[in-house]
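Working notes for the structure below.
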Amino acid sequence: MDGAERVVVITGGSRGIGRAVAMKFAEENARMVLLHYDPDESASSETLKMLAEKGIEKVESHKVDVSSYEEVRKIFDEIFSRLGQVDVLINNAGITRDTFLMKMSEQDWDQVLNVNLKSVFNCTQAVIRPMVKQRKGHIVNISSVVGQIGNPGQANYSASKAGIMGFTKTVAKEVASRGIKVNAVAPGFINTEMTKGLPEKVRNYFLSQIPMGRMGDPNEVAEVVFWLCSEAASYITGQVIHVNGGLFM
Ligand code: NAP
């Protein structure tokens with residue numbers, strides 16, 4: 001690894017894939033900042049407890065709406081003034097507001113695009129100048145298989161996730177010469193709260209489309225995210241790595 005004390009910021013770090021990524025970075029004893037949204041802090045408290053059980057105490061959690069440019073600027077100003085740097089940014093926060101396009105409200109569209117895509121702009125822009133100055137850094141954006149293949153009822157979500165792919169490639173090209181790697185991970189159908197609420201029919205349909213015949217575990221996504229931020233992946237930038245059991249090839 002390139003340093004035992006990296007500062008790692010994970011958006012949506014309170015549960016699901018974000019929590020699994022935090023548990024993975026705990027293995028290198030990283031200094032972590034987790035951002036979440038829900039005023040009910042039970043999920044983020046549980047994550048902090050799980051990290052503490054692993055002996056990780058240099059971790060903090062903040063309630064920040066990552067879709068707000070101002071809130072994001074404020075928290076990153078604080079992070080830089082207290083911790084001095086950000087070495088790894090994982091843009092993971094995301095929501096769904098599924099419905100067919102004919103029924104989709106402007107609010108459903110705006111909310112999903114703002115939380116899933118504008119947040120990636122907000123957070124990446126907040127770290128990019130300092131990362132350019134330090135001549136190193138890793139950014140991993142969590143996209144989705146549906147950004148590639150589409151999915152009925154998810155015009156807003158799939159547009160946001162496809163947007164992440166384009167953003168990732170463009171920023172990767174802009175900063176590659178400064179030692180910064182920008183990649184995306186596109187999970188398939190992963191067992192988290194986001195997929196728990198899906199109707200049985202939709203769940204069964206998805207499962208029937210997955211060659212490996214099962215949902216993914218958040219840890220299987222976290223492994224790839226962590227690897228992309230390691231020396232082992234030192235020549236990889238601008239890529240979208242699919243973690244989907246063969247759902248899309
Ligand atoms: P999840 O369990 O629903 O967790 C979502 C996370 O995002 C939570 O930590 C939540 O914080 C946070 N969040 C939501 N809105 C936010 C906001 N405005 N500001 C800051 N944080 C906010 O979802 P997940 O399944 O782990 O998904 C993580 C990422 O993977 C998302 O980008 C999702 O689109 C993507 N993904 C998931 C799947 C899947 O099958 N699960 C597949 C492909 C891609 P609170 O806990 O405070 O609400």
Side-chain angles (χ1 to χ4, degrees), residues 1-3 6-13 17-18 20-21 24-25 28 30 35 66-67 72 76 85-94 112-151 154 157-188 190 216 218 220-249:
M1 301 305 304
D2 51 2
R6 292 195 291 181
V7 177
V8 178
V9 179
I10 305 170
T11 74
I17 293 170
V21 171
K24 195 64 205 164
F25 274 98
E28 70 163 55
L35 307 182
V66 288
S67 69
V72 167
F76 277 94
Q85 66 198 76
V86 172
D87 301 292
V88 176
L89 168 66
I90 311 296
N91 283 310
N92 164 76
V112 169
L113 268 291
N114 287 338
V115 174
N116 295 7
L117 183 57
K118 189 182 172 205
S119 67
V120 178
F121 162 74
N122 291 343
C123 297
T124 305
Q125 211 195 33
V127 303
I128 207 73
R129 210 180 280 269
M131 274 188 182
V132 163
K133 273 197 195 136
Q134 72 190 25
R135 288 284 193 273
K136 64 177 172 142
H138 288 95
I139 299 170
V140 177
N141 302 319
I142 307 300
S143 179
S144 166
V145 67
V146 307
Q148 190 94 41
I149 64 175
N151 192 32
Q154 292 198 307
Y157 184 79
S158 58
S160 72
K161 295 302 185 178
I164 286 179
M165 293 181 191
F167 179 88
T168 299
K169 293 174 192 191
T170 295
V171 180
K173 285 185 177 180
E174 287 183 7
V175 297
S177 65
R178 314 300 170 96
I180 302 160
K181 281 119 196 166
V182 188
N183 289 291
V185 169
I190 311 298
E220 293 176 295
V221 180
E223 287 287 347
V224 177
V225 172
F226 183 71
W227 171 77
L228 279 171
C229 300
S230 75
E231 269 305 299
S234 56
Y235 200 48
I236 298 178
T237 198
Q239 303 303 309
V240 179
I241 312 288
H242 288 270
V243 182
N244 62 26
L247 176 60
F248 165 76
M249 300 182 184

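Only heavy atoms go into these numbers, but all of them, side chains included; no hydrogens, no water, no symmetry mates.
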Residues in salt bridge (Lys or Arg N to Asp or Glu O under 4.0 Å) contact with Glu223, at least two apart in sequence or another chain: Lys24
Just wondering, do Val182 and Phe167 contact through their side chains at under 4.5 Å, heavy atoms? no
Derivation of the side-chain contact (heavy atoms from CB on, under 4.5 Å) call for Val9 and Val127: CA-CA 10 Å; Val9 179; Val127 303; 5.9 Å; no
Does any non-hydrogen side-chain atom of Asp87 lie less than 4.5 Å from one of Lys136? yes
Report the C-alpha separation of Val86 and Met131 in whole Å, then their side-chain angles, then the decisive distance to 0.1 Å, and conclude whether the side-chain contact (heavy atoms from CB on, under 4.5 Å) test is met. CA-CA 7 Å; Val86 172; Met131 274 188 182; 4.3 Å; yes
Are Phe226 and Phe25 near enough that their ring centres are under 6.0 Å apart? yes
Taken in chain and number order and not counting sequence neighbours, the residues that satisfy side-chain hydrogen bond (donor to acceptor under 3.5 Å, both in side chains) with Asn114 are none
Applying side-chain contact (heavy atoms from CB on, under 4.5 Å), run through Asn151 and Tyr157 and close with a yes or a no. CA-CA 9 Å; Asn151 192 32; Tyr157 184 79; over 6 Å; no
Scanning both residues in full, the closest heavy-atom pair of Val240 with Met165 reads CG2-CG, 3.9 Å
When you compare the side chain of Cys229 with that of Arg6, does any pair of heavy atoms fall below 4.5 Å? yes
Should Val225 and Ile142 count as side-chain neighbours, where that means a heavy-atom distance under 4.5 Å? yes
Do Lys161 and Ser143 have side chains that get closer than 4.5 Å, going by heavy atoms? yes
side-chain hydrogen bond (donor to acceptor under 3.5 Å, both in side chains) with Gln239: which residues, sequence neighbours excluded? none
Side-chain contact test, heavy atoms from C-beta onward, threshold under 4.5 Å: evaluate it for Thr124 versus Ile139 and give yes or no. yes
Partner residues of Ser158 under the side-chain hydrogen bond (donor to acceptor under 3.5 Å, both in side chains) criterion, sequence neighbours left out: none
Under the side-chain hydrogen bond (donor to acceptor under 3.5 Å, both in side chains) test, residues paired with Ser160 that sit two or more places apart: Asn116
When every non-hydrogen atom of Val72 is compared with those of Ala126, the smallest separation belongs to CG1-CB, 4.4 Å
Step through the shown structure and confirm whether more than 12 heavy atoms of other residues, nucleotides or ligands are within 6.0 Å of CZ on Arg129. no
Which pair of non-hydrogen atoms, one from Ala30 and one from Val8, has the smallest distance, and what is that distance? CB-CG2, 3.7 Å
How close do Ile190 and Val243 get, heavy atom to heavy atom, and via which atoms? CD1-O, 4.2 Å
Scan for side-chain hydrogen bond (donor to acceptor under 3.5 Å, both in side chains) pairs involving residues 163-179, sequence neighbours excluded, and state none if there are none. Asn141-Thr168
Do Thr11 side-chain atoms and Asn91 backbone N/O form a donor-acceptor pair below 3.5 Å? no
Judged by atom type as modelled, is there a donor-acceptor pair below 3.5 Å linking the side chain of Asn244 to the main-chain atoms of Leu247? yes
Is the His242 ring parallel, tilted or perpendicular to the Phe248 ring (thresholds 30°, 60°)? tilted
On a heavy-atom basis, which atom in Ile180 and which in Val132 lie closest, and how many Å separate them? CD1-N, 3.5 Å
Counting C-beta onward and ignoring hydrogens, is there a side-chain heavy-atom pair between Val21 and Pro218 closer than 4.5 Å? no
Could you check whether any side-chain N or O of Gln148 sits under 3.5 Å from a backbone N or O of Met249, counting only pairs where one atom can act as donor and the other as acceptor? no
Side-chain heavy atoms of Leu35 within contact of Ile10, under 4.5 Å: no
Gly238 versus Asn183, closest heavy-atom pair with distance: N-OD1, 3.1 Å
